[in-house]
Every structure is written in structure tokens, then in C-alpha cells.
Amino acid sequence: MAITLKPLRDQVIVVTGATSGNGLATVEEAVRRGAAVVATARNDAALEALRDRLSADGGRIAICAADVSDMAAVERVAAVAVAAFGGFDSWVNNAGTGTYGTLEQVPLADHRRVFDVNYFGLLHGSLVAARHLRGRGGAIVNVGSILSNRAIVEQGPYCATKHAVQALTDTLRMELEQEGADISVTLIKPGAIDTPFPEHARNFMDQPPRLPPPLYAPSVVADAVLFACETPRRTLYAGGAGFLSSVLSRATPRLSDKIMELVGTVAQQKPDDPGDPARRDNLYAPRVDALRGSQDVHARTSSTVLQAQKIHPAVLVLGVLGAGIAVALSRPK
């Protein structure tokens, strides 16, 4: 039976990593569209400022400071949602962290910390959300990456977690379908997004890090996430450049490797533009959060590939068939 999700305006949505980048964009847009939101992150001050700002304009928002690597803290977030709004309808696993440097440069403790947040944090959120949504239905939306499909030099631990996130998401979806749970499970795969991630990541390179262009605005990811809260989809790519990179990687993996080996490091460095030092390195403790990065970059505000993915698959197939028939009929006889 097809899963039916509530309109956004009738939903309560939990968002992790809510005070920065994609999470912040998702919270702001969800509230603007009429949803109630439970925002969670490690940054108490940023959460309080976010609640005050959005509630002053009539937004419905509750907050809960939590580190998603702690299962008890994630369970506390669900309890806040129940106390504030009677429960939730969608849970967005967005919190993430990372490092820049080779596998040998990154200490083992930092490898584990990236997994604690990106993989185990998402696992904790998925288990808590599934437990709550069984019997009432809803959506679990996991924010992965195009790096779920291909690895990139200098971000080995992050890439490894995103590969693991894809496997976890696929397994969760199958298990919930197997038991007949009315829960949609979607994996969002953003490309390079203009967030504070390069500034927040712990850096072991000899130059300031950046995300390789082209970049997209966090609003593109928020659009994908909120679409998945209302519409069951298996996977959504946020950004055409990332989608093309994934296709190239699958079609010609060795060529992709060689390209990465040649330009991957330079493409992720931005000499003389380190960004805001107050944001540097949030691997173990929160730093200054923001919607966008402070480095001088250009970011696209829309994604044609994402909009195409919103079209119902049946309509898309009919459109392709119709176009094919039109071409065939237009050929001279």
C-alpha cells in the first residue's frame, strides 16, 4: 500500500544539526511553510536565538540541545517533541561533521568521532524516529551526500560515513517495508553546498579547506528535505553537478579516480581565504554557526535536476514516451 504523508503545514518536523547550513535552512523554510519544528543541535545559544527569532514572527518551534552521538540525548529530543506538540510526523537526520586530510594524517580518535556523529548519530535518530512513527506513519529523511557514491581525497572519514549512511538507509527502508510500517525513508544526496562545513571541519591540510565548485545554496537542500517530508521518494539529489559526478563515477570509476588524484586536493583548498576563525573546528564542541559559509564563493540558488526528480515517476515516463512518439511522427517519410 502506498504511503501517504501529511501536508507540510500539518506536520511536526524534528531537525538535527538545526543551527547551521542545511539544517538551519530546513528549519527556517519549514516554519515559513507552516510546519511546527523541533530544532536540535549542540549549540545552546544558537538554538535559543533561533527559537526567539522564529517564534517572534509566529513560528511554532521547540528546541532541545543534544549531541546526536549520545542515544539518550536523541531520545530526549523525541520527548521534547511529544511534550511540545504531542509527537512528530517527520524526522530529519542532518547533523554532520568532518575532517580534511589524508587517512594517515587524521588521528584515529577523530576518525571515530566523525563516525559517532555522521553514522551513529543518524542511526540513533532513525531508531528513535521509527519507534515513534510505527502505527502513526510519517517520514524519516536522512541527509547523506554525493560522496555516498564516490570517495574524494582529503575527506576519507567523511566519505566512509556517507557510504555507511547509504547502506543504513537502504537497510532501514527494507526492514520497515518488511514489517508493513507506514514510514517513508528517503536519502538526500547534496552536492557541494555553501555552508560553514569547510570552516567547521578539523583541518590537517597545509591550506584552508573549501568545497569544490560549483556550489549550491542551502535552500536547495531544504527544498529536497521538505519535499521528502511530504512525498515518498527513495533518493533525491540536491544539485545537478553532484548528480553528474555520481553518474561519471559509476560509468568510469578509474577515470574518476585519476581526475580526483590530479585535482582533488587543489580543488578543496582556498589559500588566503580561511573564513571566519570563530567557526574553526567544531569536531568535539560547537563553534559559531551560520546559514552560509563566510568564504568568498558563488552559490547557485536552484537545481533543475532536483525539480525534475519531484515529477511523479509515472508522469515522467509518460512524458518521455510522448516525446519519443512526437519525434518519431515528425520524421519525414
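Side chain to side chain, Ser294 and Glu199 meet the donor-acceptor criterion of an N or O pair below 3.5 Å. Between the side chains of Ser69 and Arg113, at least one donor N or O lies within less than 3.5 Å of an accepting N or O. Under the 3.5 Å distance criterion, with hydrogens and angles disregarded, no donor-acceptor pair is assigned to the side chains of Lys162 and Asn118. Judged by distance alone, the side chains of Asp223 and Gln307 do bring a donor and an acceptor atom under 3.5 Å apart. Neither side chain, Asn94 nor Thr16, offers a donor N or O lying under 3.5 Å from an acceptor on the other.
For Lys258, the NZ atom is loosely surrounded, since the number of other residues' heavy atoms within 6.0 Å does not exceed 12. Counted within 6.0 Å of CZ on Arg9, heavy atoms from surrounding residues, nucleotides or ligands total 12 or fewer; the atom is thus considered open. At most 12 heavy atoms of other shown residues, nucleotides or ligands fall within 6.0 angstrom of atom CD in Glu104. Within 6.0 Å of CD in Glu261 there are more than 12 heavy atoms belonging to other residues, nucleotides or ligands.
Ion pairing between a basic and an acidic side chain is recognised when a charged N comes within 4.0 Å of a carboxylate O; Arg173 and Glu177 show no such pairing. Between Arg32 and Asp57 there is no salt bridge, since no side-chain nitrogen of the basic residue lies less than 4.0 Å from a carboxylate oxygen of the acidic one. The existence of a salt bridge linking Arg53 and Glu48 is excluded, since no basic side-chain nitrogen approaches an acidic carboxylate oxygen closer than 4.0 Å. Under a 4.0 Å N-O distance rule, the pair Glu75/Arg131 qualifies as a salt bridge. Salt bridge annotation for Asp296-Lys270: absent, with no cationic side-chain nitrogen under 4.0 angstrom from a carboxylate oxygen. Ionic pairing of Arg76 and Asp67 is not present here: no N-O contact between side-chain nitrogen and carboxylate oxygen is shorter than 4.0 angstrom.
Contact of the Ser145 side chain with the Lys189 side chain is not registered, since no non-hydrogen atoms from C-beta on lie closer than 4.5 Å. Side-chain atoms of Ile13 and Leu226, non-hydrogen and from C-beta on, do get closer than 4.5 Å to each other. Residues Ile140 and Thr186 form no side-chain contact, since every pair of their non-hydrogen atoms from C-beta on lies 4.5 Å or further apart.
Considering Asp281, Thr99, Thr97, Asn282 in turn, Asp281 is the only one that fulfils the side chain to side chain donor-acceptor pair (under 3.5 Å) rule with Arg202. Under the side chain to side chain donor-acceptor pair (under 3.5 Å) test applied with Gln268, the options Glu154, Gln207, Gln155 reduce to a single match, Gln155.
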- For the pair Val38 and Val77, evaluate side chain to side chain contact (heavy atoms under 4.5 Å, CB included) and give the outcome as yes or no after the intermediate values. CA-CA 8 Å; Val38 179; Val77 174; 4.2 Å; yes
- Between Leu123 and Leu168, is a side chain to side chain contact (heavy atoms under 4.5 Å, CB included) present by the stated rule, with each step listed? CA-CA 8 Å; Leu123 173 63; Leu168 186 158; 3.7 Å; yes
- Item | Check against salt bridge (Lys or Arg N to Asp or Glu O under 4.0 Å), Asp182 and Arg134 | CA-CA 7 Å; Asp182 196 25; Arg134 282 187 178 95; over 6 Å; no
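Taking the six-membered ring for Trp and the full ring otherwise, Tyr158 and Phe115 have centroids separated by 6.0 Å or more.
In plain terms, the two heavy atoms of Ala217 and Ala299 that are nearest each other are N-CB, 3.9 Å. Heavy atoms only, all atoms of each residue included: Pro209 and Pro198 are closest at CG-O, 3.2 Å. Across every non-hydrogen atom of Val128 and Ala78, the tightest pair is CG1-CB, 3.6 Å. Ala39 and Leu47 make their closest contact through O-CD2, 3.6 Å (heavy atoms, listed as atom of the first residue, atom of the second, distance). When all heavy atoms of Ile188 and Ala228 are compared, the pair lying nearest together is CD1-CB, 4.3 Å. Between Gln11 and Ser90, the closest heavy-atom pair is OE1-OG, 2.5 Å.
Note: Tyr237 and Phe243 have perpendicular aromatic rings, judged against thresholds of 30 and 60 degrees for the angle between ring planes.
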